[in-house]
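No experiment lies behind these values; they were computed from the predicted model shown. A note on names: the letters A, B, ... follow the listed sequences, proteins ahead of strands, and every chain is numbered from 1.
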Amino acid sequence: MTSVEKVQNEIVEELSLFSDWMEKYEYLIELGKDEINFDKKFMKDEFLINGCQSKVWLYAKENNSKISFHAYSDAIMTKGIIALLIKVFSNQSPDDIINAKLDFIDKIGLKNHLSATRANGLMSMIKQIKIYAIGFKEKNG
Amino acid sequence: MIDFEKIRSSFPILNVKVNDNKLVYFDNAATTQTPTQVTNTIRDYFYKQNSNIHRGVHHLSNISTEDFEQSRKKVREFVGAEKEEEIIFTKGTTDSINLVATSFQKFLKSGDEILISEMEHHSNIVPWQLCAEKTGAKIKVVSVTKEGEIDIDHLEKLLNEKTKILSITHISNTLGTINPITEITKLARKFDTKVFIDGAQAIAHQKVNVTELDVDFYCFSAHKLYGPTGVGVLYGKEEILEKLPPYQGGGEMIELVTFEKTTYAKLPSKFEAGTPNISGVIALGKAIEFIEDINLDLIFEYEAMLLNHYNEKSNKLEYYEPFGTSLNKSAIASFNLKKVHHYDIGVLLDNMGVAVRTGHHCTQPLHKKFNLDGTIRASFGIYNTKNEIDYFFDCLSRAYKMLY
Ligand SMILES: Cc1ncc(COP(=O)(O)O)c(C=O)c1O
């Protein structure tokens with residue numbers, strides 16, 4: 001099991017503790033309220049992700065051939081979802097990120113629970129994360 | 001008196017459950033629900049009379065043509081127009097505006113002015129921008145006050161001999177403000193400015209009489225009037241419609257076609273190219289019957305009572321920030337909760353079964369003027385109740401506590 005898969009399984013397990021969606025949302029909100037490591041100087045249009053109903057800024061950094069992601073949103077619940085994505089993808093190698101399957105989104109029922117526009121927003125975030133990974137991979141040759 | 005149980009029972013969709021919660025539908029400004037009277041009409045049309053109109057000799061075509069034209073008559077009476085020739089069936093409000101913004105280009109030249117307001121829906125902005133690009137006319141924009149009303153002094157200042165047409169919404173889909181159309185028309189008449197009114201948000205909520213309002217154009221969508229999507233109406237004064245060139249070419253709108261030249265059909269066919277949404281138009285007639293049976297004056301009173309109840313509740317919340325505080329309002333309430341993102345509220349309300357709109361409601365310039373990224377909007381219709389409003393506020397405070 002890759003470590004991307006491992007983190008995903010942990011998230012699925014954690015969320016399966018909650019019986020209804022209100023509780024899952026409460027969990028996401030709590031995650032969203034947590035302090036995050038985001039440098040506000042990246043709150044610029046070029047780091048904005050298209051297709052989200054709320055604004056999402058995302059940037060990535062490389063450290064010892066692992067990538068760390070940093071993102072911010074003005075909506076708390078979106079911030080919570082971002083926190084999940086960052087847990088999954090941060091400190092992973094570009095290859096692991098590029099090849100990652102994202103079963104956890106289906107498994108926690110998040111996609112079903114998001115309206116089409118919101119699900120698109122989520123997909124845009126993941127796409128952008130993978131684009132960063134491809135970029136770093138190419139840069140390192 | 002409104003027979004409430006009877007009205008609600010005409011809307012099976014109100015029994016839909018969302019996450020085991022009863023649906024509370026507060027997104028009526030986006031689209032209203034369709035009563036069984038209307039859906040039955042659509043079903044019956046396809047079971048018993050589907051055919052093309054105005055061209056067949058056969059039985060089905062004859063009865064469909066008759067019903068279609070009967071709808072036109074109903075619409076004419078409903079909006080108080082003088083002639084059936086003045087009622088054009090379109091795809092909706094947006095289509096109606098595009099029709100006029102395109103055909104009216106014939107009367108515009110560089111330097112002319114088109115007047116709109118800051119509270120317009122994108123559908124009443126973009127077609128005029130296209131029109132201005134084509135003709136070299138300029139768009140002038142009337143300000144909205146902090147209460148969310150048209151600044152009449154500003155409008156008066158902007159009007160001049162170059163203002164060829166003014167296009168303003170009857171009721172703002174975001175602020176809920178009911179604009180003083182008669183007053184605006186009077187001002188426009190001083191300069192022979194044509195008046196176009198976007199009635200999308202008014203038509204199902206108060207009695208509209210285009211002759212009394214003395215407007216040149218008025219338009220609306222069936223789907224905001226308890227009718228189907230894909231159908232709308234453009235009312236235009238006959239003398240102006242006569243002068244406008246056709247919008248689109250095709251079947252039905254011609255009198256005689258040769259490859260050298262085509263002569264156009266008379267009104268209203270001149271503006272109805274191609275096979276129209278026949279079942280939709282007939283269903284619109286039924287929707288009009290449905291609300292006339294209830295009575296629009298009663299509907300207005302009832303919805304005003306709902307808004308009143310809503311305001312009493314919202315006034316008690318210190319974290320509630322209303323957008324649009326005119327005293328002359330339709331039953332639309334846009335707002336934010338202090339320090340909380342509108343999107344978060346929308347998601348939680350949805351989870352509790354409450355359908356509202358979040359975002360900019362197709363009025364980005366208006367939101368931008370007041371430095372808002374978006375708002376939450378609750379908008380009411382004839383089937384909504386005080387109980388639903390109470391439930392809504394319970395959900396709202398629950399959501400706020402979770403988020404704040
Ligand atoms: C004021 C106003 N104008 C225009 C429209 C556009 O209506 P439609 O999408 O039915 O063409 C709407 C509805 O969203 C509206 O509220």
So, the part of A:Ile76 with a heavy atom under 4.5 Å from chain B: the answer is both
task: Please assess B:Asp198 against B:Asn124 for the test side-chain hydrogen bond (donor to acceptor under 3.5 Å, both in side chains), listing each intermediate value before the final yes or no.
output: CA-CA 7 Å; B:Asp198 171 354; B:Asn124 198 24; 4.7 Å; no
Checking heavy-atom separations under 4.5 Å from chain A, one finds in residues 395-404 of chain B B:Arg398, B:Met402, B:Leu403, B:Tyr404
Those residues of residues 383-392 of chain B that come under 4.5 Å of chain A on a heavy-atom basis, listed by number, are none
For B:Lys146 and B:Phe370, the nearest pair of non-hydrogen atoms, with its separation, is CA-CE2, 3.8 Å
Do the side-chain N and O atoms of B:Thr34 and B:Thr39 include a donor-acceptor pair separated by under 3.5 angstrom? no
Answer yes if the ring centres of B:Phe380 and B:His205 are under 6.0 angstrom apart, and no otherwise.
-> no
The single option from A:Phe47, A:Tyr59, A:Phe38 that satisfies ring-ring contact (aromatic ring centres under 6.0 Å, His included) with A:His70 is A:Tyr59
Validation row: B:Tyr25, B:Val16 side chains within 4.5 angstrom (heavy atoms): no
Any side-chain heavy-atom pair of B:Val340 and B:Ile345 under 4.5 Å
yes
| task | Would you confirm whether B:Thr31, through its side chain, and B:Lys224, through its main-chain N or O, come within 3.5 Å as a donor-acceptor pair? | result | no
Side chain to side chain contact (heavy atoms under 4.5 Å, CB included) with B:Phe323: of B:Asn336, B:Ile376, B:Leu175, only one passes, and it is B:Leu175
Looking only at B:Leu348, B:Thr358, B:Asp20, the option with the highest number of non-hydrogen pairs under 4.5 Å against chain A is B:Leu348
How far apart are the C-alpha atoms of B:His122 and B:Thr363, what are their side-chain angles, what is the distance that settles it, and do they pass the side-chain hydrogen bond (donor to acceptor under 3.5 Å, both in side chains) test?
CA-CA 6 Å; B:His122 297 164; B:Thr363 53; over 6 Å; no
